[in-house]
Structures are given as C-alpha cells and as structure tokens.
J.: 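Structure in structure tokens, see below.
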Amino acid sequence: MDMSGSKASTSSPRRGLSGDTRESERLHVLAVDDSSIDRKLIEKLLKSSSYRVTTVESGKRALELLGLGKENSFFKEQKVNMIITDYCMPEMTGFDLLKRVKESSALKEIPVVILSSENVPTRINRCLEEGAEEFLLKPLRQSDVSRLHNHMTRVNRCGSVS
Amino acid sequence: MDLKRQVAYMRRSLFDQGYLDEQFIQLEDLQDDVNPNFVEEIVTLFYRDSARLILNIEQAMEKSPLDFDKLDTYMHQFKGSSSSIGAKKVKSEATQFREFCKAGNAEGCLRTYQQLKKEYTTLRKKLETYFQLARQAGPAETASRPN
C-alpha cells in the first residue's frame, strides 16, 4: 500500500489509471475515536469524499497501525496520508497521540487533525503549537472534510511522506 | 393521508418540535446507494451504545455522595454521541446535567437526569415509528428540507 505520489499532484483523490481508481491511489486517512458512533460517522464522511479510511478506537491502536507499536502487533503497518483524532479519549488523548507522531522521524510529516466537542482556546493552541494542522469542532461536517484535502495535497507535493 | 406525505409530515414535526437539529440533516445527506439505511443504522448504534452509558450513570447516581467528576465524564460522552445524531433535546438535558455536576448540585443532577431519560426514551419511540413508516412508504425522493 505504498503511496508513491512523488510527483507533484493536485488532482482530486480519485485519480485514475485506465479509468479505474486503484486502491493505492486513493488517499488514506486514519481516524481515531473511542466513540463507535463517531467512528461510523467519520468513516462515512470520508468515504463519501473518496478517501480510504481506517478507523481505530484508541491512540494505542493507532500507533500500532502506524508501526510504532509492540513487536507482535495485530496490525500490519500501513501508510497513511492523514490522521484525524478525537481529543478526549481514555488512556491516550488525541494530544498525546499528536505528540508521539510528531516526535517520530518516520511519522512526523503526516498531517494530524484534532477533533473536539469542546471549544477550549488553551486546548486548541496547545494542539496547534504541537504541530496539529487543524483543530475542528465536532460533529464533523462535509464542509470540514473538503478543507482536509488541502492539508493532504500539500504533503504529497513535498513528496515527504516516508 | 398518502404514506409518503405522512412520513414527510412526521419528519417535519420532529424538527419543528425541537427533537432533532441540523446534524440529523447532515446524516440524511450522507445516506446514499452504498448506505441506504445509514441514518437508521447510526441511530440504532447510538441507542445500543448509550445503553451502557445510561447504566453507568444510573449506578453512579445511586452512590452517596455523588461522584460529580465521574458523572460529568459519563455525561460528556453521552452528550457527544447525542450531538452526533442530532438529538437536540437530549443534548440539551445532557448539557444541563453537566452544569449541575460542575456546580456540585446533586438535586439538580437527579432532576435533570429524569428529564434526560424521558427525552431519550421519547425520541427513541418517535424515531422508531418514523423509520418504520419511512420503510413502508418505500424509497422516497430526498426529503424536503425544513427551511
């Protein structure tokens, strides 16, 4: 599942080769939320905009999937173009996850978006300072999803997603 | 009354009477050929998932004195889910409950919780009826938006 978008690409997620959208061509978003309702919602929102989506219920699972987990991890390491995470989660908050991602040389280029149901300025600033691309209020809407595409395209252009 | 019109009327009432808000329309907009029952599925998921939270809250409410922090945490989750499906009145009661938690007002919490439970149950019944009716009416043209 290698995202080999090394050429500058401003095309929509649905790039085609001979009229077909190859699985690997679509941008892959990792969504993290402890609420099953919100996972279902975000999955549908993203899929409706032609993204490939993987949802997980915790920061721990997210890290495993990203390749920072324990040796015998259930998850095969996957490439992602963006991480969207809820802020309030038990054990590992979205902020903790953000920090771990930004501290990792392998992962720090991946744009991270934080979602929260609460509009707390200090929280927002903290996340942005730590390197979050955006801080969005829940519930997430289709108009929010359109904005996300800008962040992902930017990363592809640099070709720096390792 | 024609079944389809009945469905539209019922849907309209749910908004007019404040049971549902704009978020419900967001859910309807996501419903498509790939997920033709998306709205009903997510509402069902909400009621299934929140049953656990309700139980936790009720158990916590039986303790004396009340653990306001714990109650607030549960209600924060509950509020989030109800917000995600557009359950306006339920969300409003959840907000109120959290205010009382922050104020350490046990009586307020108890009172509000009764209201919340009532709204939660009422909405469930109404939506069950609505979805059932909608299914009977058959695949409708996109429901009209309340302006």
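Each chain gets a letter, A, B and so on, in the order its sequence line appears, and its residues count up from 1. What you see is a predicted model, and the numbers here were worked out from it, not measured in a lab.
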J.: With a 6.0 Å cut-off (strictly less than), is the heavy-atom count around NZ of B/K70, excluding the residue itself, greater than 12?
T.: no
J.: Do A/S49 and A/H149 meet the criterion of a side-chain donor-acceptor pair at a distance under 3.5 Å?
T.: no
J.: What part of B/D49 gets closer than 4.5 Å to chain A, counting heavy atoms only: side chain, backbone, both or neither?
T.: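 When you check distances to chain A, only side chain atoms of B/D49 fall under 4.5 Å.
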J.: Got more than 12 heavy atoms from elsewhere within 6.0 Å of NZ, A/K99?
T.: no
J.: Mind checking salt bridge (Lys or Arg N to Asp or Glu O under 4.0 Å) for B/D21 and listing every partner two or more places apart, or none if nothing turns up?
T.: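 B/D21 satisfies salt bridge (Lys or Arg N to Asp or Glu O under 4.0 Å) with no other residue.
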J.: Could you pull out every donor-acceptor pair under 3.5 Å between side chains of residues 89-96 of chain B and any protein atom, sequence neighbours left out?
T.:
| from | atom 1 | to | atom 2 | distance (Å) |
| --- | --- | --- | --- | --- |
| B/K89 | NZ | B/Q17 | O | 3.3 |
| B/T95 | OG1 | B/K91 | O | 2.9 |

J.: Can we say A/K60 and A/D96 salt-bridge, meaning some charged N sits less than 4.0 Å from an Asp/Glu carboxylate O?
T.: no
J.: For chain B, which residues from residues 32-41 of chain A have at least one heavy atom closer than 4.5 Å to it?
T.: A/S35, A/S36, A/I37, A/D38, A/K40, A/L41
J.: May I ask you to list the residues in residues 113-132 of chain A that approach chain B closer than 4.5 angstrom, counting heavy atoms only, ordered by number?
T.: A/S117, A/E118
J.: Check whether the side chains of B/Y19 and B/E119 place a donor and an acceptor atom closer than 3.5 Å, and report yes or no.
T.: no
J.: So, B/E40 side chain and B/F131 main chain: donor-acceptor pair closer than 3.5 Å or not?
T.: no
J.: Verify whether one side chain among B/Y120 and B/S82 offers a donor that lies under 3.5 Å from an acceptor in the other.
T.: no
J.: Quick check on the interface: out of B/H76, B/K79, B/Q77, who has the most heavy-atom pairs with chain A under 4.5 Å?
T.: B/H76
J.: Minimum heavy-atom separation for A/S48 and A/Q142, please, with both atom names.
T.: CB-NE2, 4.4 Å
